[in-house]
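Only one structure is covered here, and it is reproduced in the block below.
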Amino acid sequence: AQSVTQLDSQVPVFEEAPVELRCNYSSSVSVYLFWYVQYPNQGLQLLLKYLSGSTLVKGINGFEAEFNKSQTSFHLRKPSVHISDTAEYFCAVSEVDTGRRALTFGSGTRLQVQP
Amino acid sequence: GAGVSQSPSNKVTEKGKDVELRCDPISGHTALYWYRQRLGQGLEFLIYFQGNSAPDKSGLPSDRFSAERTGESVSTLTIQRTQQEDSAVYLCASSHTQGIYNSPLHFGNGTRLTVT
């Protein structure tokens with residue numbers, strides 16, 4: 001079984017400031033890692049994913065995340081946020097090579113970018 | 001259509017009534033998933049369809065919950081004898097292939113179910 005913890009339910013930040021949204025996971029097997037974003041009044045969409053290879057992955061809209069196996073973390077970062085980044089962000093994991101298709105999601109972090 | 005469509009967008013029902021939630025996936029997407037999100041919590045997996053078969057139903061919380069899919073199209077999630085703890089946003093997602101690793105999930109806007 002897996003679990004995903006997003007410790008920060010809300011993160012307020014000023015426009016053009018850097019931001020880090022934290023994600024930690026636990027799993028008895030290897031995992032793939034994802035970040036999804038939900039803009040106001042829209043469905044969730046994939047922001048980025050880590051499957052293998054380089055531990056630093058880049059996604060849409062200038063976001064990036066780094067997989068740290070020893071710390072079981074996959075934190076999301078952006079060096080300079082915009083008002084339009086205001087949204088809810090979900091970290092998710094899935095099992096590798098078990099055939100199970102379901103994603104396990106964290107409870108989400110609401111990013112509020114203020115002018 | 002352009003995206004995953006779910007109906008109704010909001011549903012208020014009395015405890016003990018049955019409800020049916022509908023999902024229209026993106027045309028051509030063979031995989032379809034149902035999740036639910038209770039207030040302040042993460043998304044909980046309910047069931048996964050590949051075509052019209054459901055190889056993973058492990059997330060359905062009780063036998064009051066059932067789902068079906070006709071062909072590679074519409075899916076309905078039925079909750080019988082609704083309870084207050086069923087109140088949540090029910091999300092549907094579809095993807096182009098079996099592999100969620102290479103084909104991202106496309107989510108609908110969800111159905112907000114409130115059981116009074």
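FYI, side chains are in, hydrogens and waters are out, and symmetry mates aren't considered; it's all heavy atoms of this structure. In what follows, chains carry the letters A, B, and so on, assigned in the order in which the sequence lines appear, proteins first and then strands, with residues in each chain numbered from 1.
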Linked, directly or transitively: A:Phe105 and A:Phe74 (ILVMFWY side chains, under 4.5 Å): no
Should the heavy atoms of other residues, nucleotides or ligands under 6.0 Å from CG of B:Leu39 be counted, would the total exceed 12? no
Under 4.5 Å between side-chain heavy atoms, counting indirect links through other Ile/Leu/Val/Met/Phe/Trp/Tyr residues: same cluster for B:Val89 and B:Leu32 or not? no
Contact part of B:Leu46 toward chain A, heavy-atom cut-off under 4.5 Å: side chain, backbone, both or neither? neither
Do other residues, nucleotides or ligands put more than 12 heavy atoms under 6.0 Å from the CD atom of B:Glu85? yes
In residues 106-114 of chain B, which residues are in contact with chain A at a heavy-atom separation under 4.5 Å? B:Phe107, B:Gly108, B:Asn109
What part of B:Gln37 lies closer than 4.5 angstrom to a heavy atom of chain A: side chain, backbone, both or neither? side chain
Determine, using the 4.5 Å side-chain heavy-atom cutoff (strictly less than), whether B:Leu43 and A:Tyr32 are members of one ILVMFWY cluster. yes
Between B:Phe45 and A:Leu103 the two heavy atoms that sit nearest each other are CB-O, 4.3 Å
Transitive ILVMFWY side-chain link A:Trp35 to A:Val11, under 4.5 Å: yes
Hey, any chance A:Leu111 and A:Leu44 share a hydrophobic cluster, counting ILVMFWY side chains that come within less than 4.5 Å of each other, even indirectly? no
Could you tell me whether the side chain of A:Tyr36 and the main chain of B:Leu105 form a donor-acceptor pair under 3.5 Å? yes
